[in-house]
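For reference, the structure is listed below as structure tokens.
FYI, side chains are in, hydrogens and waters are out, and symmetry mates aren't considered; it's all heavy atoms of this structure. Below, chain A is the first sequence line, B the second, and so on; all start at residue 1.
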Amino acid sequence: MPIATKGAVKNLTAGELKEIGAEIILGNTYHLWLRPGDGLIKRAGGLRKFMNWDGPILTDSGGFQIFSLGAKAKSKYGKSGVKITEEGVEFSDPLNGEKYFMPPEKSMDIQLNLGSDIVMVLDECPPYPCSRDYAKKSMERTTRWAVRCKKYLEAHTDSKNRPLLFAIVQGSVYEDLRKESAKQLTKIGFDGYAIGGVAVGEPREKMSEILGWVLPLLPEDKPRYLMGLGKPEEVVKAVEAGIDMFDCVIPTREGRHGRLFLRKSKLQIQNIKFQTKAETQISKSKIKIKEEFFYETINIGNEKYKEDFLPIDKNCDCYTCRNYSRAYLRHLFNVGEPLAARLASIHNLKFYLDLMKELRCG
RNA sequence: GGGUGGAUGGCAGAGUGGCCUAAUGCACCUGACUGUAAAUCAGGCGUCUUCGGACUUCGGCGGUUCAAAUCCGUCUCCACCCA
């Protein structure tokens with residue numbers, strides 16, 4: 001899912017997203033609640049109409065902001081802008097300091113107003129590292145919140161027009177907690193199950209382990225969604241483990257920052273190397289490992305592309321690669337033309353969506 | 001022709017005796033980015049280096065001084081003003 005946090009995949013129109021092959025996008029409850037407001041979006045006819053996107057939309061609940069706003073405010077101002085109680089979460093708008101209170105029911109209410117097709121339960125991504133004690137408390141609260149979300153949704157919609165509700169497995173890096181979370185949520189019953197906290201708090205090396213604990217416990221006939229990931233090799237690894245859905249800012253953010261993804265070879269699942277930290281540390285053989293990868297990245301701003309008139313990726317059929325050279329893209333980045341970010345985002349999203357297509361269809 | 005003020009690293013521009021390889025900004029080079037407070041952030045940017053340091057820079061040349069980008073003389077160039 002390309003990410004449209006504030007109601008737009010940065011730099012791209014809905015039409016461009018379609019052309020790239022996007023089938024579903026992600027919006028954010030928290031951001032759209034603050035600006036322009038879920039009431040306004042409802043009056044506009046819902047988020048889909050508002051942003052001219054005719055496909056499905058999944059909305060994140062605001063749970064991630066408990067993590068990201070809290071941590072960032074803490075590192076910047078010494079105190080977190082976020083307060084969590086059993087009742088819900090209090091946020092401070094980082095732009096103007098204004099306080100907002102979001103109980104799970106409020107998150108549901110906003111997501112209904114947005115007209116989302118898949119709504120996420122309000123959850124907490126515990127910070128990392130995190131004591132077992134806190135991870136347990138946090139996970140149990142997330143589960144209680146999930147129940148409240150489900151109840152609210154059932155009380156305020158009828159089954160005919162009710163959006164799908166996905167729960168989120170938490171539990172930090174503790175096997176028993178992760179498993180307990182998965183079991184409890186499955187027992188309660190949701191339309192899909194997400195795994196949270198892996199992308200952001202917890203060390204990336206833990207991903208495979210956590211997926212190994214959790215996925216066998218989740219129903220196979222329901223979508224399983226790994227939140228926030230990831231790098232291409234992580235996505236491949238996660239699909240191997242059984243994950244069906246992803247969202248990640250990497251293609252768009254890194255694209256805006258001038259890093260482009262290039263496909264090197266077709267996937268041969270059994271041969272894919274998962275780059276662990278240990279492997280990265282073997283600096284001598286790093287290049288060799290990288291060559292075994294099915295992709296590579298380039299920083300298009302690098303001087304060596306100054307007179308490189310080839311397309312970004314000669315095997316890519318995205319709009320950018322069909323029409324522009326590396327030298328031109330580098331030039332756009334260097335002079336700060338907004339078109340740079342747009343062309344790079346188009347290319348990177350196409351890279352990711354093509355990768356997913358290949359994982360689906362072989 | 002006369003007068004005044006200037007010349008600082010790729011550019012702009014601080015610094016008017018030692019703490020100056022010389023602030024700051026721009027440009028340039030490299031890297032990071034994982035449910036987007038990110039068109040952001042970090043590092044580098046005289047030369048060489050066994051990474052401890054060594055050497056060389058503030059228009060040119062020559063002085064003063066223990067010590068000069070900073071003071072003095074002179075030359076070159078630039079800007080403005082008067083004729």
Side-chain angles (χ1 to χ4, degrees), chain A residues 1-12 25-32 34-35 58-77 80-82 91-98 107 118-125 128 166 168-170 194-207 225-235 237-238 243 245-261 280 297-306 330 332-345 348 352:
Chain A
M1 293 180 280
I3 300 192
T5 298
K6 302 175 192 172
V9 172
K10 294 188 193 303
N11 293 297
L12 301 189
I25 59 173
L26 178 146
N28 194 295
T29 302
Y30 170 78
H31 298 260
L32 294 168
L34 266 59
R35 280 171 288 266
L58 178 148
T59 43
D60 191 16
S61 59
F64 177 67
Q65 277 62 47
I66 301 175
F67 171 86
S68 66
L69 264 46
K72 281 171 185 166
K74 205 163 190 176
S75 69
K76 216 166 179 179
Y77 310 115
S80 169
V82 170
F91 295 101
S92 289
D93 183 342
L95 294 180
N96 59 22
E98 196 174 338
S107 178
I118 302 175
V119 311
M120 300 302 300
V121 301
L122 185 66
D123 70 321
E124 182 195 0
C125 298
Y128 185 86
F166 282 23
I168 304 173
V169 175
Q170 289 289 357
I195 294 160
V198 178
V200 281
E202 288 131 40
R204 222 50 53 72
E205 310 90 79
K206 286 272 175 189
M207 184 193 88
Y225 162 29
L226 183 55
M227 302 188 81
L229 263 78
K231 288 187 179 176
E233 67 272 22
E234 293 168 336
V235 167
K237 197 76 184 172
I243 292 290
M245 299 170 65
F246 300 89
D247 73 284
C248 192
V249 302
I250 284 179
T252 43
R253 181 185 291 165
E254 297 203 5
R256 285 196 304 285
H257 297 168
R259 174 181 278 179
L260 302 168
F261 289 79
T280 313
T297 60
I298 63 171
N299 278 353
I300 195 64
N302 285 9
E303 196 164 27
K304 60 183 168 186
Y305 302 115
K306 197 168 191 170
R330 175 187 136 87
L332 294 183
F333 270 105
N334 282 333
V335 297
E337 281 293 340
L339 183 58
R342 179 174 184 164
L343 294 176
S345 297
N348 280 354
Y352 265 81

query: How would you list, by chain and number, every residue that makes a side-chain hydrogen bond (donor to acceptor under 3.5 Å, both in side chains) with Asp60(A), sequence neighbours excluded?
result: none
Quote, to the nearest angstrom, the [atom1] distance that separates [N] from [M].
N	M	atom1	answer
A23(B)	C19(B)	C1'	13 Å
C26(B)	G13(B)	C1'	11 Å
G10(B)	A68(B)	P	24 Å
G15(B)	C81(B)	P	25 Å
C20(B)	G73(B)	P	28 Å
C66(B)	C58(B)	P	22 Å
A22(B)	U57(B)	P	15 Å
C75(B)	G6(B)	C1'	16 Å

Are the side chains of [X] and [Y] in touch, meaning some heavy atoms are under 4.5 Å apart?
X	Y	value
Phe64(A)	Asp123(A)	no
Leu226(A)	Glu234(A)	no
Tyr225(A)	Asp247(A)	yes
Ile243(A)	Ile195(A)	yes
Val121(A)	Ser61(A)	no

- request: Between protein and nucleotides 37-42 of chain B, map the contacts as a letter string: B base, S sugar-phosphate only, - none, heavy atoms under 4.0 Å, written 5' to 3'.
  value: BBSB--
Expected output: side-chain Asn348(A) to main-chain Pro251(A) donor-acceptor under 3.5 Å: yes
query: Is a side-chain N or O of Asn11(A) found less than 3.5 angstrom from the main chain of Ala340(A), in a donor-acceptor match?
result: no
Give the rounded distance in Å between these two atoms: [atom1] of [X] and [atom2] of [N].
X	N	atom1	atom2	answer
Asn299(A)	A32(B)	CG	C1'	9 Å
Asn348(A)	C33(B)	CG	C1'	12 Å
Ile298(A)	C29(B)	CD1	P	15 Å

Would you mind pulling out the nucleotide paired to [N], Watson-Crick or G-U wobble, both distances under 3.5 Å?
N	result
U36(B)	none
U65(B)	none
A42(B)	U30(B)
G17(B)	none
A79(B)	U4(B)
U50(B)	none

task: Calculate, to the nearest 0.5 Å, the distance between atoms OH and CZ belonging to Tyr30(A) and Phe91(A) respectively.
output: 6.5 Å
query: When rounded to the nearest 0.5 angstrom, what is the spacing between CE in Met227(A) and CE in Met245(A)?
result: 9.0 Å
query: For Asn299(A) and Tyr305(A), does a side-chain donor sit closer than 3.5 Å to a side-chain acceptor?
result: no
Under 4.0 Å between any heavy atoms, over every strand shown, what does [X] touch: base, sugar-phosphate, or nothing? Just pick one.
X	answer
Glu337(A)	nothing
Asp247(A)	sugar-phosphate
Leu26(A)	sugar-phosphate

- prompt: When you match Asn302(A) and Val198(A) each to their closest nucleotide on RNA chain B, which lands nearer the 5' end?
  reply: Asn302(A)
Check nucleotides 26-28 of chain B for protein N or O atoms closer than 3.5 Å to its own N or O atoms and list the pairs.
none

